[in-house]
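These notes concern the structure reproduced below.
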Amino acid sequence: MNMFDNLSRERLRDILGAGGSHDALFAAAREALLDEPGDGVYLRGLVEVSNRCVKNCLYCGLRRERTDIRRYEMSGEEVKAALETGYRLGLRSFLLQSGELPGKAFTEKMAGILEWCSANLPGARMVLSMGELAPEDYDLLRKSGGHRYLLRIETSSAELYRRFHPNDPLHSHFRRIRALEYLRDSGWQTGTGVLIGLPGQNESHLADDLLFMKKINVDMVGMGPYVECPGTPVAEADDIPPVEKRVALTLRMIALARLTMPGINIAATTALQTLCPGGLEKGLMAGANVIMPNLTPGIYREDYDLYDGKVRVHDSPGEMLEIIRRACARTGRRLMLNDPGDPPHYRTRMEEERNGKHG
Ligand code: SAM
Ligand code: SF4
């Protein structure tokens with residue numbers, strides 16, 4: 001029994017809001033990590049396939065109403081070349097991310113790329129993050145070779161969600177939860193996450209977010225701080241928490257996710273690195289075990305302009321790997337190359353489902 005057992009909503013809220021040192025929390029998270037999934041750091045090579053999006057989330061630099069960015073869509077050949085570069089460096093898990101493009105044409109193009117990956121990148125796990133799609137599109141992507149899907153709920157509070165999204169059926173909190181549940185129940189290794197430090201968000205919201213992610217029983221979590229994107233509506237708000245608070249809350253959320261959800265994979269995100277020098281190491285020290293080096297070709301990187309000051313926009317994949325190697329060495333962690341790093345939670349969840357324990 002230790003001081004971080006039995007994390008009730010109130011206790012989570014109090015830890016998130018407490019001042020002073022959180023070293024004991026981070027140490028407990030690292031200890032939990034050693035149990036499962038272990039001290040390895042797994043890489044997920046990120047390819048930002050397209051910055052086109054039908055949605056209009058009020059915080060995001062890719063929102064459809066933004067007219068001052070050049071929109072692009074990588075060709076299948078460009079995506080495959082980026083993946084091959086990562087594969088040659090020893091990466092065995094790749095994240096294909098884009099704005100939400102619900103038309104069949106884009107889904108079928110991605111399905112074709114996944115089929116190519118199955119044939120040409122043996123042992124690689126393909127992760128998708130393309131937003132809310134129809135169930136049959138998720139099924140096609142899975143059948144074509146997709147293994148994992150990331151769909152952040154952004155916030156578990158329907159009320160807060162409404163503040164940051166237009167009030168129309170395309171931006172429905174309910175629909176997003178349904179999509180997440182569908183992914184979880186149809187065999188995907190499923191990930192979600194939230195934005196941390198949104199204006200109007202408090203520690204109770206974040207405690208609820210942790211409980212939501214635990215309840216929905218995800219295998220992976222990717223959460224990061226909100227980062228202002230000039231020209232988007234949320235960046236104009238006068239109640240955005242200070243950067244230090246957003247970073248501190250993100251690290252506490254990572255540690256608490258590690259303590260409340262055994263065996264999941266947790267990313268140290270680019271947004272955390274953007275707001276905080278040394279964010280990579282800090283994320284690892286708080287219990288994260290996944291890092292996402294960017295494999296997007298240089299000509300597109302600046303156009304995938306989610307928020308201001310995105311880090312590592314100019315680094316080559318090789319340079320990024322070197323930075324990650326050093327971060328692992330400094331934090332006493334093992335860099336796991338040639339290993340896709342499946343979250344142990346997924347195996348446990350599948351076993352439970354087979355045994356009829358899924359509730
Ligand atoms: N379009 C897909 C979706 O929304 O699920 C995937 C791509 S979207 C760019 C990936 C994530 O970027 C979102 O889930 C959101 O949390 C994050 N994001 C967008 N704007 C952000 C901002 N200003 N600061 C930090 N993260 C942001
Ligand atoms: Fe589009 Fe995703 Fe950005 Fe929302 S967060 S505007 S869905 S890219």
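Whatever order the structure lists them in is the order used to number ligands and atoms, beginning at 1. All values reported here derive from a predicted model rather than from experimental measurement.
- Ligand 1 places these atoms under 4.0 Å from at least one heavy atom of Ser129: 6 (C).
- For the residue pair Asp139 and Tyr182, a side-chain donor N or O sits within less than 3.5 Å of a side-chain acceptor on the partner.
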Could you walk me through whether Leu83 and Leu96 pass the side-chain contact (heavy atoms from CB on, under 4.5 Å) test, one step at a time?
CA-CA 10 Å; Leu83 295 172; Leu96 303 180; 4.1 Å; yes
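- Scanning all protein heavy atoms for the shortest distance to atom 2 (Fe) of ligand 2 gives Cys53 SG, 4.6 Å.
- Protein heavy atoms are absent from the 4.0 Å sphere centred on atom 8 (S) of ligand 1.
- Side chains of His345 and Asn265: a donor-acceptor N/O pair is absent below 3.5 angstrom, by distance only.
- Judged by distance alone, the side chains of Arg71 and Asn51 never bring a donor and an acceptor atom under 3.5 Å apart.
- The heavy atom nearest to atom 5 (O) of ligand 1, out of those in Arg176, Glu100, Glu132, is found in Arg176.
- When hydrogens are left out, the protein atom nearest atom 3 (Fe) of ligand 2 is Cys60 SG, 2.4 Å; that is the closest non-hydrogen contact.
- Interatomic distance, CG of Leu128 versus CG of Leu150, reported as 8.5 Å (0.5 Å rounding).
- With 3.5 Å as the limit, one finds no donor-acceptor pair spanning the side chains of Gln189 and Asp219.
- Of the heavy atoms in Tyr304, only side-chain atoms (C-beta onward) come closer than 4.0 Å to ligand 1.
- Residues Arg163 and Thr155 bring no donor and acceptor atom of their side chains to less than 3.5 Å of each other.
- Taking CD from Glu244 and CG from Leu249, the interatomic distance works out to 11.5 Å, rounded to the nearest 0.5 Å.
- Counting heavy atoms under 4.0 Å from ligand 1, residue Ser98 touches it through the backbone alone.
- Close approach of ligand 1 to Pro225 (heavy-atom distance below 4.0 Å) involves ligand atoms 25 (C).
- Under 4.0 Å from ligand 1, heavy atoms of Tyr59 appear from its side chain as well as its backbone.
- No side-chain N or O of Arg333 forms a donor-acceptor pair with one of Asn289 less than 3.5 Å apart.
- Counting only heavy atoms of the protein, atom 4 (Fe) of ligand 2 lies nearest to Cys57 SG, 2.3 Å.
- With ligand atoms numbered from 1 in the order given, ligand 1 contributes 1 (N) to contacts under 4.0 Å with heavy atoms of Gly99.
- Numbered from 1 in the order shown, with element, the atoms of ligand 1 that lie under 4.0 Å from a heavy atom of Arg152 read 14 (O), 15 (C), 16 (O), 17 (C).
- Within ligand 1, the atoms closer than 4.0 Å to a non-hydrogen atom of Gln97 are 7 (C), 10 (C), numbered from 1 in the order shown.
- Both the backbone and the side chain of Cys60 come within contact range of ligand 1, each with a heavy atom under 4.0 Å.
- Applying the 4.0 Å criterion to heavy atoms of Leu306 picks out, from ligand 1, the atoms 9 (C), 12 (O), 23 (N).
- Residue Tyr226 places no N or O, backbone or side chain, under 3.5 Å from any N or O of ligand 1.
- Residues His171 and Asp168 bring a donor and an acceptor atom of their side chains to less than 3.5 Å of each other.
- Taking the six-membered ring for Trp and the full ring otherwise, Tyr59 and Tyr226 have centroids separated by 6.0 Å or more.
- In Lys55, neither the side chain nor the backbone holds a heavy atom less than 4.0 Å from any atom of ligand 1.
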